[in-house]
Amino acid sequence: AAMSRKRLQLLAESLSRSTKHFSEGEVECLIKLFDALVARSCSHFAVSGFNRTVFRDTLFAAFGMTDDVVLDRVFSTFDRDNNGYITVVEWVEGLAILLRGTLEEKMKYCFAVYDLNGDGYISREEMFQMLKDTLIKQPAEEDPDEAIKDLVEIVLKKMASTYSLWYLSDYDHDGKLSFEDFEQAVRDENLLLEAFGPCLPDIK
C-alpha cells in the first residue's frame, strides 16, 4: 500500500535534509518511484524494499548500465545493511551519490564498488575482475585478457606515478591501492574516475 500523503511529506523532508543533494520535491518523486518498484518486486521483502533484479532492471532502464558484475557491486554499495534488498533510505541516499555526489563521495563510492572483498584495498585482481567485462571484446586473434591486463597496468602505473610509493606498508609490492592512494591519484587526474566509469551513470 502506498504511504499516506502526510507520511510521504515527512519522509521526503527528512531525507532531503539527510542527503543534502535533492530537494524535497525531488525526494518525493524518488519515493513514489520507490513505491512503484516495490510493487513490481514480488518478494516477501516487498513491504520494506525491492530486490536485486528490480534494482538492476531500473538502473539499466534509467542509465543504460548493462554490466552485470558492475551492477551487482553497485547493488552492494546501495544495500548498506547487506540484507539483499533496497530500502527507501538506501535508495534515496544511494541515488544522491550516484547522481549528485561530490567528487569525494563519488571516489568513496567507486572505491567501494571495486573493493570486492571489502578489505579497504583494491588489488590488481579486483581491478581485473571489474574491468574484464567492460572492455569491448578484442578481435579474435588478440587475447582479451591480455588487453585488460595492459589496461590494469596502465591504470596502476598512472596511479603509482602520481605519488612516489604505493602506500608505505606495501613492502611486498603486491600492487594494492588504498583509498588514500586512489583519492590522491583521482585528485591529480580526474580522468581516472572515468576509468572506473561503468559504475557511474552517463548523465545526459
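None of the values given here were measured: they were computed from a predicted structure. Along the sequence shown, the residues carry numbers beginning at 1.
Atom CD of E183 and atom CG of L177 lie 12.5 Å apart (nearest 0.5 Å). Within the model, atoms CG of L37 and CD1 of I86 stand 10.5 Å from one another, a figure rounded to the nearest 0.5 Å. The line from OG1 of T102 to OH of Y109 is 14.0 Å long, rounded to the nearest 0.5 Å. Between the CG atom of L71 and the CG atom of L59 there is a distance of 6.0 Å, given to the nearest 0.5 Å. Put simply, CG on L99 and OG1 on T19 are 11.0 Å apart, with the number rounded to the nearest 0.5 Å. The CG atom of D81 lies 4.5 Å from the CD atom of E90; values are rounded to the nearest 0.5 Å.
Using a distance-only test at 3.5 Å, with no hydrogens or angles considered, no donor-acceptor pair links the side chain of N51 to the main chain of F55. Listed for the D115 side chain is no donor-acceptor partner under 3.5 Å among the backbone atoms of I122. Side-chain N or O atoms of E93 include none that pairs as donor or acceptor with a backbone N or O of L15 at under 3.5 Å.
Considering every non-hydrogen atom in both F22 and S16, the closest pair reads O-CB, 3.3 Å. Across T77 and A112, no two heavy atoms sit closer than the pair CG2-CB, 3.8 Å. Scanning both residues, L8 and K32, for their nearest heavy atoms gives CD2-CE, 3.8 Å. For the pair E24 and Q9, the tightest heavy-atom approach, listed with the atom from each and the gap, is OE2-O, 4.3 Å. In terms of heavy-atom proximity, T66 sits nearest to F60 at CG2-CE1, 3.4 Å.
Taking the side-chain hydrogen bond (donor to acceptor under 3.5 Å, both in side chains) definition, one finds that E13 meets it with nothing, sequence neighbours left out. With sequence neighbours left out, the side-chain contact (heavy atoms from CB on, under 4.5 Å) criterion links L116 to R73, E126, Q129, M130. Qualifying side-chain hydrogen bond (donor to acceptor under 3.5 Å, both in side chains) partners for D72, counting only residues two or more places apart in sequence or in other chains: R52, R56.
In this pair, F78 and W91 present their aromatic rings tilted. The plane angle is within the 30 to 60° band.
At a cut-off of 3.5 Å, with distance as the only test, a side-chain donor of S48 or Y85 sits close to an acceptor on the other residue. Between the side chains of E105 and H21, at least one donor N or O lies within less than 3.5 Å of an accepting N or O.
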Would you check, one step at a time, whether the test ring pair (Phe, Tyr, Trp, His ring centres under 6.0 Å) holds for Y121 with F179? CA-CA 7 Å; Y121 296 100; F179 180 69; over 10 Å; no

Worked check of side chain to side chain contact (heavy atoms under 4.5 Å, CB included) between M107 and C110: CA-CA 5 Å; M107 284 193 291; C110 283; 5.9 Å; no

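The shortest side-chain heavy-atom distance between R100 and E26 falls under the 4.5 Å cut-off.
The hydrophobic clustering, which links ILVMFWY residues whose side-chain heavy atoms are closer than 4.5 Å, places V113 and L103 together.
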